[in-house]
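Here is the structure we will look at, set down as structure tokens.
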Amino acid sequence: MTKPVQNNSSPATDPSARFTADQAAQATLLLGQSIDFPQVDQIRHCPKAALVIVQGRIAWHGPAAELSVTQQSFATVVDYGNAWIIPGLIDTHVHAAQMPVIASWGEQLLDWLNRYTFPAERRFEDPVIARHQSDVFLDALLAHGTTTAMVFGTVHEAATDALFEAARERRMALIAGKVLMDRNCPDYLSDTVNSGFDASARLIHRWHGTDRLQYAVTPRFAPTSTEAQLERAGALQQEARGLYLQTHVSENPDEVSWVQSLFPKSRDYVDVYQHYGLLHERSVLAHGLHLTDREWTALREHQARIAVCPTSNTFLGSGLFDFARAEREGVVLGLASDVGGGTSLSQLVSAAEAYKVGQLQGYKLTANALWHQMTAGNARALHLDTQIGSLDSGKMADLVVLDSTRSANLSARLAHANSLEEALFATLILGDERLTRATWVAGERLYSA
């Protein structure tokens, strides 16, 4: 989320990428105003754009006037007028089971887990409930314009199966994992060192690399795992290539103190994960609000990512993320909703809150830096940037259509916008899921308002 230099450009077109009428007869054509953010200092904007989708991927993107065949030649044509067609939004940290406890009053992190989160996750021991709630959760993501997410499941193997099954049916790119906990949690959510390892290994072999699905080894956070379980979590990463690690770090001062008492031999919170081989370039650690100098250095050297969760951090009173320090350290960031501690699945809302957090610390996040983060930046954080995050030909056709006319307040504001950058900023601050007119995943429209 570094500060960009503005650089507007149109999407590059490949003159050799021409379609015959026969090819178009098997393709989908989307028309609208396309915008993407391939680099933190670049906005690509085409006011009258065409996107051609073939077999789930963007086959061509450019000015509609440069199409080599008539629009009537295509199997399907959807004209979104002046609505924005942008890459699908990406969420780098969210909890599948916590939608029912979003906006729960009055507690900070540790009490909030015990009072709200753990009882909500207990319901997922019922496979029928787990499947139903997985469908509700993924459909809610799509309605908010999110096409890819890194997701915490629950401790239950069958519930994690249900989450992956629901994502596969929707052809979504999902990274998820079964939560590991063997202490400091209710008995009804506790596994053992061996049962947690065995269930995770089975899930890895069933799901990692299946279709667009990938697995993340998922210790909830250091206090709910014994040293033996963390050691086995490190061993799990030898089960398959390209596995991810997701967990939490340094969210709350009381939590940090608790970790120090539970792991007295560790230098700090990050060192707990580092010691057990859980800190690497595919590690995504949520929060990172109270890090020491040594921890920042370790995160940078191991190329671990931080998932920034601004609505959760302000709602639970956990603290403010230090964007300026992250920029100086060169630590790769993701932006995340962290529902249910977070207050909205909309990444527009997450971005608006991130802007406010920066403002409180004298750090100015710009509109295109935040739009880049929600799309190409989050794709990079999750090592998915060769597949999603921009509107380049060859990328998966994961798209969201945003329509400002769906918000009277935003429409009135945009009527006075003097530039694209001004319109992008106002849309971040005033927008939310109500703007989502349609969401496409792998070339199929899965949500339509």
Side-chain angles (χ1 to χ4, degrees), residues 56 88-104 116-179 189 199 202-204 206-216 218 246 336-347 349-350 382 384 388 396-401 432-434 436-449:
L89 305 180
I90 301 167
D91 193 336
T92 59
H93 180 75
V94 62
H95 295 260
Q98 291 185 18
M99 284 180 60
V101 298
I102 193 172
S104 296
Y116 300 116
T117 301
F118 292 151
E121 293 189 1
R122 183 179 193 175
R123 298 177 64 240
F124 279 63
E125 65 189 8
D126 182 334
V128 175
I129 290 175
R131 179 54 204 255
H132 172 70
Q133 288 299 122
S134 293
D135 287 332
V136 169
F137 168 71
L138 293 179
D139 287 344
L141 286 181
L142 295 170
H144 286 74
T146 296
T147 54
T148 293
M150 190 172 204
V151 184
F152 266 61
T154 63
V155 73
H156 312 99
E157 181 179 357
T160 310
D161 275 323
L163 177 61
F164 277 122
E165 287 166 358
R168 180 172 61 179
E169 290 175 4
R170 291 161 175 79
R171 298 184 68 194
M172 294 177 72
L174 200 78
I175 304 166
K178 173 198 125 50
V179 169
L189 288 181
R202 288 190 294 268
L203 289 162
I204 288 168
R206 279 199 294 272
W207 295 111
H208 185 62
T210 298
D211 297 329
R212 304 181 68 193
L213 308 173
Q214 299 187 72
Y215 195 87
T218 309
Q246 62 176 347
S337 69
D338 192 30
V339 165
T343 54
S344 174
L345 285 173
S346 172
Q347 285 291 71
V349 174
S350 298
L382 297 180
L384 297 175
I388 57 174
M396 295 298 296
D398 291 357
L399 311 165
V400 60
V401 181
D432 55 29
E433 68 275 13
R434 290 172 294 177
T436 307
R437 182 167 164 183
T439 305
W440 294 70
V441 174
E444 294 187 19
R445 183 169 50 193
L446 297 188
Y447 172 80
S448 182

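Remember, it's a predicted structure, so these values are computed and weren't measured experimentally.
- The CZ atom of Arg171 sits 5.5 Å away from atom CE of Met396, with the distance rounded to the nearest 0.5 Å.
- Between Arg212 and Val441 there is a side-chain heavy-atom pair separated by less than 4.5 Å.
- With salt bridges taken as basic N to acidic carboxylate O contacts below 4.0 Å, one links Asp135 and Arg170.
- No more than 12 heavy-atom neighbours from other residues, nucleotides or ligands sit within 6.0 angstrom of CZ on Arg434.
- Between Val151 and the choices Val94, Leu138, Thr218, Ile175, the side-chain contact (heavy atoms from CB on, under 4.5 Å) rule is met once, by Val94.
- Proximity of Glu165 to Ser134: side-chain heavy atoms (C-beta onward) are nowhere separated by under 4.5 Å.
- Residues Met99 and Ala140 approach most closely at CE-CB, 3.8 Å, considering heavy atoms.
- Here the closest heavy-atom approach between residue Ala149 and residue Leu141 is recorded as CB-CD1, 4.0 Å.
- Here the CG atom belonging to Leu345 is positioned 8.5 Å from the CD atom belonging to Gln347, to the nearest 0.5 angstrom.
- The closest side-chain heavy-atom distance from Arg202 to Trp207 is not below 4.5 Å.
- Counted by atom type alone, Thr160 and Glu157 present zero donor-acceptor pairs between their side chains at under 3.5 Å.
- Interatomic distance, CG of Leu89 versus CG of Leu399, reported as 10.5 Å (0.5 Å rounding).
- Proximity of Val339 to Phe137: side-chain heavy atoms (C-beta onward) are nowhere separated by under 4.5 Å.
- Of all non-hydrogen atoms in Ser350 and Ala336, the two that sit nearest each other are OG-O, 3.5 Å.
- Residues Ser337 and Asp91 have side chains that bring a donor and an acceptor to within less than 3.5 angstrom of each other.
- Rounding to the nearest 0.5 Å places CG of Leu163 at 10.5 Å from CG of Leu203.
- There is no side-chain donor-acceptor pair under 3.5 Å between His144 and Thr146.
- One finds the CE atom of Met172 at 8.0 Å from the CG atom of Leu446 (value rounded to the nearest 0.5 Å).
- One N or O on the side chain of Tyr215 and one on the backbone of Lys178 form a donor-acceptor pair closer than 3.5 Å.
- Under the 30°/60° scheme for interplanar angles, the aromatic rings of Phe152 and His95 are found to be tilted.
- Contact of the Leu189 side chain with the Val179 side chain is not registered, since no non-hydrogen atoms from C-beta on lie closer than 4.5 Å.
- Asp211 places no side-chain N or O within 3.5 Å of a backbone atom of Leu213 that could act as its donor or acceptor partner.
- Side chains of Thr147 and Val400 form no contact here, defined as non-hydrogen atoms less than 4.5 Å apart.
- We find the CD1-OG1 distance between Ile388 and Thr148 to be 3.5 Å, quoted to the nearest 0.5 Å.
- Scanning both residues, Ala176 and Phe164, for their nearest heavy atoms gives O-CZ, 3.4 Å.
- Thr154 approaches Ala159 most closely through the heavy-atom pair OG1-CB, 3.6 Å.
- Looking at every heavy atom in both residues, His208 comes nearest to Gln214 through ND1-CA, 3.6 Å.
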